[in-house]
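Working notes, beginning with the structure itself.
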Amino acid sequence: AHPSTLPAGARLGVCVQDSTAQLGALLITGAPPCTTAVASGSPAATTGLSAGDVITALGGVSVVSKASLVQILQGERPGQTVVVMWLDPSGHQHQATVTLAAAGSQ
């Protein structure tokens, strides 16, 4: 296959579900594959993100659910640098710059 026909997408390295407290993607931990909220060695591991945080934006695009985060990541390229914004459990806003990984990487 020609490289341009391969599925696009990049990986942040987080395990999320829809947030009920506010719009966004809530970082969770628990049953596999969510043994940790942030995958070791992943782009997200460099940010300070942890379980209970809610991702609210990625690359300047609002994140309103798990599905919207997935959709944003599908449109990004591995190696691309983006800003991730999130709220911690106490409601404080944070942001960090990450370099996205390839979608198939571990």
Minimum heavy-atom distance between [X] and [Y], given as atom pair plus value:
X: Ala10; Y: Arg77; result: CB-C, 3.9 Å
X: Ala44; Y: Val14; result: CB-CG1, 3.5 Å
X: Ser50; Y: Ala37; result: C-CB, 4.4 Å
X: Thr47; Y: Trp86; result: O-CH2, 3.3 Å
X: Ala45; Y: Ala39; result: CB-O, 3.6 Å
X: Ala51; Y: Thr29; result: CB-CG2, 4.2 Å

**Study point:** Qualifying residue for side chain to side chain contact (heavy atoms under 4.5 Å, CB included) with Thr56, from Leu23, Leu87, Val64, Leu69
**Key:**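 It is Leu87, the one option of Leu23, Leu87, Val64, Leu69 that forms the side chain to side chain contact (heavy atoms under 4.5 Å, CB included) with Thr56.
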
Practice item. Pick out which of Thr36, Val54, Val38 makes a side chain to side chain contact (heavy atoms under 4.5 Å, CB included) with Leu27. Key: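 It is Val38, the one option of Thr36, Val54, Val38 that forms the side chain to side chain contact (heavy atoms under 4.5 Å, CB included) with Leu27.
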
Point to revise | Candidate pair Val98 and Thr46, rule side chain to side chain contact (heavy atoms under 4.5 Å, CB included), full reasoning | key: CA-CA 7 Å; Val98 297; Thr46 67; 4.2 Å; yes

Flag side-chain contact, heavy atom, 4.5 Å: [X] against [Y]:
X: Cys34; Y: Ile28; answer: yes
X: Thr99; Y: Pro43; answer: no
X: Leu26; Y: Asp18; answer: no
X: His94; Y: Met85; answer: no
X: Pro78; Y: Leu100; answer: no
X: Leu58; Y: Val83; answer: no

Exercise for review: Only counting residues at least two apart or in another chain, list the ones meeting side chain to side chain donor-acceptor pair (under 3.5 Å) with Thr35.
Suggested key: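 For Thr35, no residue satisfies side chain to side chain donor-acceptor pair (under 3.5 Å) once neighbours in sequence are set aside.
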
Check your understanding: Which value, rounded to the nearest 0.5 Å, describes the distance between Lys66 atom NZ and Ile55 atom CD1?
Key ->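 Between atom NZ of Lys66 and atom CD1 of Ile55 there are 12.0 Å.
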
Point to revise | Interatomic distance, Gln22 atom CD to Ser19 atom OG [nearest 0.5 angstrom] | key: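 So the CD of Gln22 and the OG of Ser19 are separated by 4.5 Å.
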
**Study point:** same_hphob_cluster(Val61, Val84) at 4.5 Å side-chain heavy-atom cutoff
**Key:**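 Cluster IDs for Val61 and Val84 match.
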
